[in-house]
Amino acid sequence: MALKNNFFDEVYQVVRLIPRGRVTSYGAIAKYIGAGKSSRMVGYAMNAAHNMLDVPAQRVVNRNGLLTGKFHFPTPTAMQELLEADGVRVENDTVKDFEKVFWDPSIELH
DNA sequence: CCGTTGACGCCAT
DNA sequence: TATGGCGCCAACG
């Protein structure tokens, strides 16, 4: 993770590294990249990331484990189903055991 | 060029 | 605990 010229590319890079069965948050990504408080930009990047098939946007949720971006998927249930296919349990639009499956790039990637 | 909008997050009430 | 306001900043009309 070196180039910071492209904020979006940095975001995509990190999202691609999220292991199967794990999730992370917009804020965690923003912090890791160095954007700090610009977590909104991460969400915006995800919106644009829809065209990139190798970017698992479903593994990125907000800091409460809530699937805030589910309505941006083809169907309202697509995000949840993708997560469950990854082995992440979702209940009431929220990631179950969020703390346990949370993947913090600033720690995992050091 | 300028005002709005938004897949967020933190802080003040 | 619940609500609302503000910062952040790129994209859009």
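Values below: all heavy atoms of this structure, side chains included; hydrogens, waters and symmetry mates excluded. Convention: sequence-line order gives letters A, B, ...; per-chain numbering from 1.
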Would you compute the distance between atom CZ of A/F73 and atom CG of A/L82 and round it to the nearest 0.5 angstrom? 6.5 Å
Could you tell me how far apart A/H72 (NE2) and B/dC8 (C1') are, to the nearest whole angstrom? 12 Å
Residue mapping more 5' on DNA chain C - nearest nucleotide basis, A/S39 or A/F8: A/S39
When rounded to whole Å, the CG to P distance for the pair A/L82 and B/dA7 reads 19 Å
Let me confirm one number: the CZ-CG distance from A/R16 to A/D54, rounded to the nearest 0.5 Å. 4.5 Å
Does C/dA10 have OP1 or OP2 under 4.0 Å away from a side-chain N or O of A/R40? no
Please report the distance, rounded to the nearest Å, between CD1 in A/I29 and P in B/dC8. 12 Å
Among B/dA7, B/dG9, C/dC9, the one nearest any side-chain atom of A/M41 is C/dC9
Please measure how far the P atom in C/dG5 lies from the corresponding atom in B/dT4, and state the result in whole Å. 16 Å
Heavy atoms only: give me the nearest A/Y12-A/A48 pair and the separation to one decimal. OH-CB, 3.6 Å
When the distance from CG of A/N47 to P of B/dT5 is rounded to whole Å, what number comes out? 16 Å
For the atom pair CZ (A/F98) and CG (A/N64), what is the distance rounded to the nearest 0.5 Å? 7.5 Å
Rounded to the nearest 0.5 Å, what separation is found between the CZ atom of A/F102 and the CZ atom of A/R63? 10.0 Å
Find the distance A/N51:CG to C/dA11:P and express it as a whole number of Å. 14 Å
Could you tell me how far apart A/M46 (CE) and B/dT5 (P) are, to the nearest whole angstrom? 24 Å
Determine the contact category for A/A57: base if any of its heavy atoms lies under 4.0 Å from a base atom, sugar-phosphate if only primed atoms, P, OP1 or OP2 are that close, otherwise nothing. base
Please report the distance, rounded to the nearest Å, between CG in A/D9 and P in C/dA10. 14 Å
Give the nucleotide from the list B/dA7, C/dC9, B/dC10 with an atom nearest to the side chain of A/R63. B/dC10
Counting heavy atoms from C-beta on, name the nucleotide in C/dA11, B/dG6, B/dC8 closest to the side chain of A/Y44. C/dA11
Is the phosphate of B/dC8, meaning OP1 or OP2, less than 4.0 Å from a side-chain N or O of A/S38? no
To the nearest Å, how far apart are A/F102 CZ and B/dG9 C1'? 13 Å
